[in-house]
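Report on the structure given below.
The first residue of the sequence shown is numbered 1, and numbering continues consecutively from there.
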Amino acid sequence: MAFFWTSVFIVMVFWRPQEWLFPWMFGWPVLDVVVGISALALSIEVNEGRTTIPKILPQLKLLIGLWIAAPLSHIPHGYFFGFKEAIMPVFKICFFSYLLVCVLDRPTRLRTTALLFVGMGLTIAYHAFMQLERGYGFGPVLPYWIEPIDLEPGYYRTCFYGIFNDPNDLAQLFVVCIPFCFALGKRLNIFSFLIGSGLTYYFVKALDTTHSRGGEVGLVAALGTQIALLLPHRWFPYLMFAGFIGFLGICPFSESMLDASAHDRVVYWGLANQMFKHNPIFGIGYDMSWQVTLRGEALHNAFVTCYTELGLFGYWFWFLLIQLGIIGAWRARGALRRVADPNAKWIRHLAGMTIVSTMGFCASAYFLSRTFVFPLFFLVAMLAAMPRMAAQYIPPNYPPLFNLRRDVYKWGTIGSLISVIYIYISCILLNMAYYG
């Protein structure tokens, strides 16, 4: 029952029926109730021995640390109200992610989660097509009209409800869904490939209705990651490193892509970096990025937002959930390379698709999105499940997929620091592209 209710929660997050289908439910704490029932069901299952809490997974402790770090970011500034206001929002997302990590303990549940991504994505994509063709979709929300600029004609940008009310976040969802289209069937054959290709075409067309450059960047990053995974397994880290360096290489020559809106974002990132340098450990405080823009605008960079608001302390937990998840899924793929079991082959395939989705999300999140958003943490939970699933099929004498001291404390710290330096340098290069 615990997994059933967590699935209901995922559907509610994507579908948002209380905002258009059942408006009389708006304002009710529906999601809180569903999470409460999920937690109660999980405690019963753990007590009966039907489910175990995977305490060996470092992601569980990282989620607890992230929850503590968010309100703690206000303490150095003596902002007690901010401390109090940060507790519940971050607790809700971390607590549900904790639950999801616990219940994703078998291949059928992973397949169901991938199916939920695709099913909800298709529903929302249909809504986007309705907006473009009729001017409206499900319920009262309308697409955004962009006025003509110079010789370019005006156009509509589609959107949905809740966290997908922004066209950029909607585009990001479509990018995340595409890899899972190829992991819906238990067996990998030409039939499943053709179905995945057809669904991909549908999602790409839906992505085009959003006119989101961030979404396009995410799609390119997802494609590049997929190509890297098709090559020999050991090449993957080096190809990813080459891709990151390649992005820095094109930053100084991206002037043609930087219109006024994009330029404002780059300026905000520079201002945020200046504030971060004055508050490097605990940041300026959770949900305080409005101090950078002064007009309440988002920074449109999940990474800059995170280390600016939470400092290196909070960013370490947040970034390591992503880094450790990708590393764990990649190692799980390697461990399952020679396992003949059909379930093991499918888990290996899904691990790769989840990496692709996460890389697409992170690439688009560099230009848009929020730091604490449920789809990211759904992906984090799926990535965390991969080593747990792989352990059921690999030989008992196989080396552990995680080393706490090496992977968490050493490489986690190095990776988070390098990522901050990398983003800082990229901001400088993008400013050089605009100003010369």
Side-chain angles (χ1 to χ4, degrees), residues 2 5-19 22 25-43 53 59-103 161-166 169 279 281-292 296 298-299 302-303 305-322 365 369-381 384:
W5 287 106
T6 55
S7 299
V8 170
F9 182 90
I10 293 173
V11 171
M12 296 287 288
V13 166
F14 284 126
W15 204 25
R16 305 297 295 181
Q18 68 271 31
E19 295 190 30
F22 305 117
M25 293 175 57
F26 189 79
W28 289 23
V30 179
L31 294 179
D32 295 346
V33 172
V34 173
V35 171
I37 297 174
S38 302
L40 179 61
L42 178 63
S43 64
I53 296 178
Q59 283 90 341
L60 296 182
K61 297 181 179 63
L62 292 173
L63 287 168
I64 296 174
L66 181 60
W67 172 51
I68 295 172
L72 189 63
S73 63
H74 290 288
I75 295 299
H77 308 288
Y79 188 30
F80 178 74
F81 180 79
F83 171 84
K84 183 181 68 173
E85 289 296 302
I87 293 175
M88 285 310 298
V90 182
F91 170 77
K92 289 179 181 179
I93 197 166
C94 290
F95 181 66
F96 178 78
S97 303
Y98 193 103
L99 291 178
L100 191 57
V101 170
C102 292
V103 299
Y161 295 90
I163 57 177
F164 306 116
N165 185 251
D166 186 287
D169 293 304
N279 305 273
I281 305 302
F282 295 104
I284 63 175
Y286 169 78
D287 203 26
M288 298 295 288
S289 59
W290 59 267
Q291 291 185 329
V292 177
L299 292 178
F303 299 90
T305 301
C306 188
Y307 66 65
T308 301
E309 291 187 346
L310 305 186
L312 291 174
F313 179 69
Y315 180 76
W316 184 84
F317 293 102
W318 183 84
F319 183 79
L320 197 54
L321 284 168
I322 301 172
S369 189
R370 294 173 288 271
T371 303
F372 290 90
V373 62
F374 273 112
L376 171 61
F377 285 81
F378 295 162
L379 291 173
V380 164

Minimum heavy-atom separation for [X] and [Y], please, with both atom names.
X	Y	result
Gln18	Met12	OE1-CE, 3.9 Å
Pro375	Ile163	CD-CD1, 3.5 Å
Arg370	Ala302	O-CB, 3.9 Å
Leu42	Cys102	CD2-CB, 3.9 Å
Leu62	Trp316	CD2-CZ3, 3.7 Å
Ala69	Gly314	CB-CA, 3.6 Å

Reported [atom1]-to-[atom2] distance for the pair [X] and [Y], which is rounded to 0.5 angstrom:
X	Y	atom1	atom2	result
Leu31	Ser38	CG	OG	10.5 Å
Leu100	Phe378	CG	CZ	7.0 Å
Thr305	Met288	OG1	CE	13.5 Å

Next item on the list: For Asp287, enumerate each residue passing the side chain to side chain contact (heavy atoms under 4.5 Å, CB included) test, keeping only those at least two apart in sequence or located in another chain.
Entry: none

Note to self: Holding to side chain to side chain contact (heavy atoms under 4.5 Å, CB included), I want the full list of residues that pass it with Ser73, two or more places apart in sequence or in another chain.
What the structure shows: Tyr286, Leu310

Notebook entry, point to check: In terms of the angle between their ring planes, are Phe377 and Phe372 parallel, tilted or perpendicular, with boundaries placed at 30° and 60°?
Noted result: parallel

Notebook entry, point to check: Which pairs pass salt bridge (Lys or Arg N to Asp or Glu O under 4.0 Å) with one or both residues in residues 9-18, sequence neighbours excluded?
Noted result: Arg16-Glu19

Next item on the list: Might you confirm whether atom CH2 of Trp318 has over 12 heavy atoms from other residues, nucleotides or ligands at distances under 6.0 Å?
Entry: yes

Note to self: I'd like to know whether Trp28 forms a side chain to side chain contact (heavy atoms under 4.5 Å, CB included) with Phe22, so could you lay out the CA-CA distance, the side-chain angles of the two residues, the decisive distance to 0.1 Å, and finally the verdict.
What the structure shows: CA-CA 11 Å; Trp28 289 23; Phe22 305 117; over 6 Å; no

Item checked: Any residue meeting ring pair (Phe, Tyr, Trp, His ring centres under 6.0 Å) with Trp5, in chain and number order, not counting sequence neighbours -> none

Notebook entry, point to check: Sequence neighbours excluded, which residues qualify as ring pair (Phe, Tyr, Trp, His ring centres under 6.0 Å) partners of Phe9?
Noted result: Phe96, Phe374

Next item on the list: Mark yes or no for whether Ser43, through its side chain, and Leu40, through its backbone, hold a donor-acceptor pair below 3.5 Å.
Entry: yes

Check: Hey, mind stepping through Phe317 and Ile64 against side chain to side chain contact (heavy atoms under 4.5 Å, CB included) and telling me if it holds?
Finding: CA-CA 9 Å; Phe317 293 102; Ile64 296 174; over 6 Å; no

Side-chain donor/acceptor pairs under 3.5 Å, residues 76-95, sequence neighbours excluded:
{"from": "His77", "atom 1": "NE2", "to": "Gly283", "atom 2": "O", "distance (Å)": "2.7"}
{"from": "Lys92", "atom 1": "NZ", "to": "Asp32", "atom 2": "OD1", "distance (Å)": "3.4"}
{"from": "Lys92", "atom 1": "NZ", "to": "Asp32", "atom 2": "OD2", "distance (Å)": "3.2"}

Notebook entry, point to check: When you look at Trp67 and Leu63, which way does the side chain to side chain contact (heavy atoms under 4.5 Å, CB included) test go after all the steps?
Noted result: CA-CA 6 Å; Trp67 172 51; Leu63 287 168; over 6 Å; no

Notebook entry, point to check: Yes or no on side chain to side chain contact (heavy atoms under 4.5 Å, CB included) for Leu376 and Ile322, after CA distance, side-chain angles and deciding distance?
Noted result: CA-CA 9 Å; Leu376 171 61; Ile322 301 172; 4.2 Å; yes

